[in-house]
Participant: 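What follows is a single structure, and I will ask about it in a moment.
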Amino acid sequence: MNIEKKIAQNVVEVVKKLYNADFEANKVLVQQTKKEFEGDFTIVTFAFTKIAGKSPEIIGQEIGAELLKINENIENFNIVKGFLNLILSKNQSISLLNEIVDNQDFGFIKATENSPLMMIEYSSPNTNKPLHLGHIRNNLLGYSIAEIQKANGYKVLKTNIVNDRGIHICKSMLAWQLFGNGETPENSGLKGDFLVGKYYVIFDKEYKKQINELISKGLTEEEAKKSAPLILDAQKMLFAWENGDKEVRELWQKMNLWVYAGFAETYEKLGVDFDKIYYESDTYLVGKQEVERGLAEEIFYKKPDGSVWADLTSDKLDEKLLLRADGTSVYMTQDIGTAKLRYNDFPISKMVYVVGNEQNYHFQVLAILLDKLGFEWGKSLVHFSYGMVELPEGKMKSREGTVVDADDLIAEMIDTAYQTSKEIGKFNELTENQALETARIIGLGALKYFILKVAPVKNMTFNPKESIDFNGNSAPFIQYTHARIKSVLSKAAENGIVLEKCANNLNINEKEKFLIQLLGQFPNTIREAGANFSPALIANYCYDLSKEFNQFYHDFSILKEENPQLKNFRLQLCTAVAQILKNAMGLLGIELPDKM
RNA sequence: GGUUCCGUAGCUCAGUUGGAUAGAGCAACAGCCUUCUAAGCUGUGGGUCAAGCGUUCGAAUCGCUUCGGAAUCACCA
């Protein structure tokens with residue numbers, strides 16, 4: 001049991017004894033004492049005024065005195081208004097430090113045979129264009145959430161549903177047939193996803209031309225959009241695809257493979273991966289079957305034109321289309337099919353969808369539909385919704401060419417990291433290969449941290465003109481802190497210092513004590529980040545810890561400390577900070593270099 | 001118009017189940033490299049937590065109203 005829980009438990013006992021009242025342990029507020037006050041943990045005593053019928057100060061006095069008797073870790077206390085500040089013994093801090101150094105996985109809960117399985121879907125790209133900044137946020141959040149849930153003891157499966165069919169890919173295919181002149185990634189040197197994206201743009205351009213021509217001939221915009229030859233051909237192609245037309249299927253396969261190769265490269269650069277990939281071309285038919293079943297069981301209904309609908313008015317929502325009049329499936333149909341397949345494949349107890357907040361409504365509906373279809377897990381699905389990434393001028397628009405491509409951004413970040421590092425002389429003692437690797441870690445770290453430190457629900461602004469920060473609250477700052485610690489530790493090793501457990505009776509200072517207690521907060525931070533699906537909590541914890549350590553680093557000597565026991569202690573403290581930073585940043589998918 | 005989300009310093013953002021004097025970074029200004037890595041440290045200035053009302057011993061946090069912004073309400077995925 002950790003110290004906070006124990007204190008809370010003690011308070012319950014004390015309250016029972018003093019005031020003869022029952023109080024739940026999880027309602028006792030025990031928090032790390034703020035730096036400006038003396039103490040390690042603080043109990044808010046306002047909560048007990050009604051029970052005790054006394055002033056918060058007196059209650060603090062009384063509880064404090066009793067706690068002193070029953071908890072040997074509590075050495076003293078003080079009271080400021082309604083706040084009872086407990087001062088823990090230095091022994092407690094030192095044994096906590098020993099525990100952290102001893103346990104490489106401090107704060108992590110290991111999954112067992114019986115742990116529940118959480119499946120996390122993220123990324124879910126369309127196959128008609130390259131990944132952009134918005135996808136980066138999705139991928140980073142998805143990966144990080146998966147790591148955080150693993151650390152919370154879940155078995156985790158990362159999955160991706162690839163939107164590989166539909167009118168969008170037909171548009172690229174058609175444009176490539178008409179204007180491609182046999183261009184391939186091999187003969188053009190273009191990355192596969194960019195090549196396919198290029199023809200998607202060409203389709204759009206040509207389509208617009210046709211629309212404008214038709215409008216000038218007197219059609220309304222609406223009519224022109226529907227009757228332009230290109231869109232008709234694309235629809236024809238989709239129909240042919242659905243009917244298994246050999247030629248169309250072959251072209252489809254070929255171009256999708258180009259895209260997958262491109263995506264694989266981007267995923268690898270980003271450091272994200274998947275345990276199981278689903279393709280909509282495999283799941284949409286299953287979805288249709290499920291909808292047919294729902295129709296047969298009168299959960300859904302058919303309109304005169306033949307289209308199938310779900311009536312959600314009893315859930316205060318609208319009607320929802322599930323199958324078009326011509327029998328083809330829509331987005332929702334596919335998601336039902338995908339869910340069915342997944343639950344057939346794995347013993348999932350919780351399903352998480354990492355998808356942008358523009359689809360809040362969609363997932364609200366999906367949960368209800370799955371529930372209606374009799375899937376017990378439907379209602380409990382989690383839509384991990386996140387806000388959009390905006391540019392200073394507003395949303396990214398492909399038409400205006402303001403889309404920030406993932407690959408470009410990654411390359412730019414790494415390049416900036418390389419230039420900056422070189423300028424300030426960080427690479428003087430590194431080989432070129434080491435320098436490149438370090439720049440990769442720093443550039444990518446800066447990008448990941450910049451995105452993950454923001455609370456997921458919020459829209460965030462990204463300014464491509466101002467490069468992402470390498471100072472202050474940033475990954476490079478944390479990486480730098482880690483590198484410094486590693487440097488101190490390796491110097492200690494060079495000097496033949498062998499670290500051992502810290503003795504209990506050391507006279508450590510307040511800053512050191514605070515640092516240890518902060519390290520002790522790591523398990524709580526993981527629990528909270530898991531419960532709230534918030535990598536941002538981890539990011540900000542890493543920053544706090546790094547900042548705290550940097551101050552410590554400046555104020556106290558480590559290697560030059562003359563008392564050998566104290567030197568050992570401080571080196572152990574360094575070890576613990578480095579270890580926690582590495583584990584915590586690992587939850588964000590951010591690497592920490594030993595040198596920089 | 002209905003629904004959902006957001007609004008905290010000039011800018012970008014933290015602020016944990018309601019708790020102490022609302023915090024960082026960037027930008028500005030002033031210091032600190034003969035001392036374990038200056039991507040660092042110290043200090044100064046900067047706030048009606050969008051506005052109002054309410055609940056509470058206590059509200060940036062909870063509730064209601066108003067204002068501002070975004071998303072969605074597609075036979076697009």
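Chain letters run A, B, ... following the sequence lines, proteins first and then strands; every chain starts at 1. FYI, side chains are in, hydrogens and waters are out, and symmetry mates aren't considered; it's all heavy atoms of this structure.
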Participant: Report the distance from atom OH of A:Tyr553 to atom P of B:G40, rounded to the nearest whole Å.
Facilitator: 13 Å
Participant: Can you check whether any acceptor in the base of B:U37 is under 3.5 Å from a donor in the side chain of A:Lys426, or vice versa?
Facilitator: yes
Participant: Between A:Lys303 and A:Trp309, is NZ or CZ placed under 6.0 angstrom from the six-membered ring centre and within 45° of the ring axis?
Facilitator: yes
Participant: Parallel, tilted or perpendicular, judged at 30° and 60°: which one describes the rings of A:Phe556 and A:Phe552?
Facilitator: tilted
Participant: Classify every nucleotide of nucleotides 11-21 of chain B by which part a protein heavy atom approaches to under 4.0 Å, writing B for the base, S for the sugar-phosphate alone and - for neither, in 5'-to-3' order.
Facilitator: --SSSBB-BBS
Participant: Could you give the CG-to-P distance, from A:Asn360 to B:C6, as a whole number of Å?
Facilitator: 11 Å
Participant: Compare side-chain N and O positions of A:Gln359 against OP1 and OP2 of B:U72 and report whether any pair is under 4.0 Å apart.
Facilitator: no
Participant: So, does A:Tyr331 get its side chain near the phosphate of B:A77, meaning an N or O under 4.0 Å from OP1 or OP2?
Facilitator: no
Participant: Please report the shortest heavy-atom distance between A:Ile79 and A:Gly60, naming the atom on each side.
Facilitator: CD1-C, 3.4 Å
Participant: Whether A:Lys35 contacts B:G23 is assessed here as follows: a side-chain N or O lying under 4.0 Å from the phosphate OP1 or OP2. Is that the case?
Facilitator: no
Participant: Can you say whether a donor on the side chain of A:Ser421 sits under 3.5 Å from an acceptor on the base of B:A39, or the other way round?
Facilitator: yes
Participant: Look at A:Arg324 and B:A77 and indicate whether a side-chain polar atom (N or O) is within less than 4.0 Å of OP1 or OP2.
Facilitator: yes
Participant: Please list all pairs passing the salt bridge (charged side-chain N to carboxylate O under 4.0 Å, His left out) test where one or both residues lie in residues 439-457 of chain A, with sequence neighbours left out.
Facilitator: A:Glu437-A:Arg440, A:Arg440-A:Glu591
